[in-house]
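Chain letters run A, B, ... following the sequence lines, proteins first and then strands; every chain starts at 1.
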There are 2 protein chains.
Amino acid sequence: MLIFIIIVNNTLKSSLPTVLSTETQTLASRAFESIKSDIIAGRLSQGSKIVESDLALKYGISRGPLREAIHRLEQIRLVVRVPHAGSRVVALDSKMIEDIYVARECLEGMAARLAARHMTGEDIRSLMELLNQHERDIGKAEGKFYFQSEGNIDFHYRIAVASQNRWILDNLNGELYQLIRMCRHQSGQAPARPQISLEQHRQIASAIAFRDEELAELLMRRHISGAWKIVKTILEEKHE
Amino acid sequence: MLIFIIIVNNTLKSSLPTVLSTETQTLASRAFESIKSDIIAGRLSQGSKIVESDLALKYGISRGPLREAIHRLEQIRLVVRVPHAGSRVVALDSKMIEDIYVARECLEGMAARLAARHMTGEDIRSLMELLNQHERDIGKAEGKFYFQSEGNIDFHYRIAVASQNRWILDNLNGELYQLIRMCRHQSGQAPARPQISLEQHRQIASAIAFRDEELAELLMRRHISGAWKIVKTILEEKHE
DNA sequence: TTAACCTTTATTGTCAACAATTATTATTTA
DNA sequence: TAAATAATAATTGTTGACAATAAAGGTTAA
């Protein structure tokens with residue numbers, strides 16, 4: 001039996017499922033979660049080879065459930081696998097990151113549109129409150145990119161949930177956000193322009209409050225393509 | 001090393017990977033393909049329970065690779081699985097089909113935009129030729145919904161490929177198109193308004209040829225949301 | 001008769017050994 | 001010395017048996 005302890009940070013309550021961490025019932029699930037966080041945090045470095053027996057030993061389980069975990073990691077694109085030749089941690093290059101941002105742009109744009117359609121008044125109030133919380137966090141925890149970064153994803157996650165579209169939600173939460181996190185953990189953390197980002201979030205929330213689907217989608221798409229442009233320049237600088 | 005063989009049918013050359021039939025190397029892959037086509041064709045009916053040992057016996061393999069096949073089917077959403085309780089073939093309800101069409105709308109919209117950016121002159125000529133072929137097919141094979149239906153997906157597939165975005169391509173080709181096929185195979189085949197559909201495809205191709213990204217995306221989104229409206233009315237009629 | 005509990009059965013989860021494949025190294029030959 | 005080839009080692013794919021869990025059915029008590 002394995003017990004997960006949920007640490008509630010009173011200054012920043014996160015609604016992300018990563019934290020709630022439903023006490024997983026099967027060895028494969030637990031291995032999946034462990035390896036996933038190892039990859040995202042960079043403890044398993046990009047492009048490094050994954051040997052089944054090694055990892056099985058490391059986690060104290062047999063190769064069966066570990067294989068299942070790897071297959072699931074392959075699905076969410078944290079691992080690439082070639083038959084008979086083994087699997088490696090994904091290596092994110094510039095093109096791949098661009099693809100991720102472009103996919104996010106259209107999916108989250110649609111999510112914002114649907115959120116404007118489906119969110120209840122209570123949902124919207126709660127969303128506004130989250131943004132206020134973010135504002136306070138920015139003031140307090142200057143330079144603490146981690147919290148800011150998670151808070152950022154938190155906003156986007158709420159929109160994705162509010163879309164009430166399982167495909168969109170699963171894609172964003174199951175694959176794209178993970179890779180964004182991974183990307184940040186490695187390339188010197190966060191984009192770090194919290195005020196601008198917060199302001200854009202406020203505009204999106206406002207459009208949702210006014211039930212302006214068109215505008216909500218438009219603003220979200222701009223917000224994300226803008227984020228990509230910044231990431232891109234950072235990557236290009238780094239490349240020299 | 002893996003070699004793809006493209007079989008060219010002279011009356012209807014399909015660029016779909018379903019046809020190129022990569023000679024799969026592993027038992028799990030073969031089982032995956034077999035079960036997938038069984039589900040899509042309705043030989044495994046929606047919502048029916050999947051018992052590992054039964055299927056293993058049926059395909060003459062052991063439970064190990066069969067489990068892997070089921071996991072992969074779960075990823076592409078043809079199967080839903082609950083831990084310790086087994087897995088069932090997905091049961092498509094109206095809401096789920098709507099979600100699929102909405103996801104398609106934004107992903108393919110973006111794909112059309114990107115196609116307008118990336119397609120070469122040769123690509124565009126080939127696309128036009130495909131549409132001419134479709135026109136001939138409509139004239140010839142009246143009522144042969146299968147060809148029309150596959151031809152329809154064929155057009156969309158080319159756009160997705162031309163987007164040069166792996167996420168978008170994989171999502172469409174790996175998950176959404178499969179479910180659309182499945183949906184058609186069951187609910188009395190095709191939407192059957194080939195001329196209108198063809199005309200809309202022509203408009204999209206034209207926008208791509210003019211490198212009008214904005215228009216290409218707009219037209220594609222209309223095309224798909226229009227298709228959903230028709231499917232929706234059919235479903236509602238059927239429900240009575 | 002119904003509800004709770006226990007027993008049985010069917011099914012999934014896990015394991016360790018075996019087979020097949022690929023990568024590596026050593027050896028031979030030009 | 002370099003290239004090609006064969007032997008070896010490492011790793012993945014596959015199998016059948018065993019353990020754990022959940023569903024089904026029957027039994028007992030209120």
In whole angstroms, the gap separating P of D:dT15 from CG of B:Leu57 amounts to 12 Å
Nucleotide C:dA20, atom P - distance to CZ of B:Arg30 in whole Å: 14 Å
Hey, are the side chains of B:Lys36 and B:Leu78 touching, using non-hydrogen atoms and a 4.5 Å cut-off? yes
How about B:Ile76 and B:Phe32: do any of their side-chain heavy atoms sit closer than 4.5 Å? yes
Using atom types as modelled, flag every donor-acceptor pair under 3.5 Å from a side chain in residues 79-90 of chain A to any protein atom, sequence neighbours excluded.
residue	atom	partner	partner atom	Å
A:Arg81	NE	A:Glu74	OE1	3.2
A:Arg81	NH2	B:Glu68	OE2	3.3
A:Arg88	NE	A:Gly47	O	3.0

For A:Leu57, enumerate each residue passing the side-chain contact (heavy atoms from CB on, under 4.5 Å) test, keeping only those at least two apart in sequence or located in another chain. none
Sorted by chain and number, sequence neighbours left out, side-chain contact (heavy atoms from CB on, under 4.5 Å) with A:Glu217 holds for A:Arg113, A:Arg221, B:Arg221
Inspect the contact between A:Lys58 and A:Asp54 and indicate whether a charged nitrogen and a carboxylate oxygen are less than 4.0 angstrom apart. no
Mind checking what makes side chain to side chain donor-acceptor pair (under 3.5 Å) contact with A:Arg77, not counting sequence neighbours? A:Glu175, B:Asp170
Is the backbone N or O of A:Ile230 less than 3.5 Å from a side-chain atom of A:Thr233, with the two atoms forming a donor-acceptor pair by type? yes
Close N or O pairs between protein and nucleotides 10-14 of chain D (under 3.5 Å):
residue	atom	partner	partner atom	Å
D:dT12	OP1	A:Ile50	O	3.2
D:dT12	OP2	A:Glu52	N	3.3
D:dG13	OP1	A:His84	N	3.3
D:dG13	OP2	A:Arg67	NH1	2.6
D:dG13	OP2	A:Arg67	NH2	3.0
D:dG13	N7	A:Arg63	NH2	2.8
D:dG13	O6	A:Arg63	NH1	2.9
D:dT14	OP1	B:Thr26	OG1	3.2
D:dT14	OP1	B:Leu27	N	2.6
D:dT14	OP2	B:Thr26	OG1	3.0

Protein and nucleotides 5-9 of chain C: nitrogen or oxygen contacts under 3.5 angstrom:
none

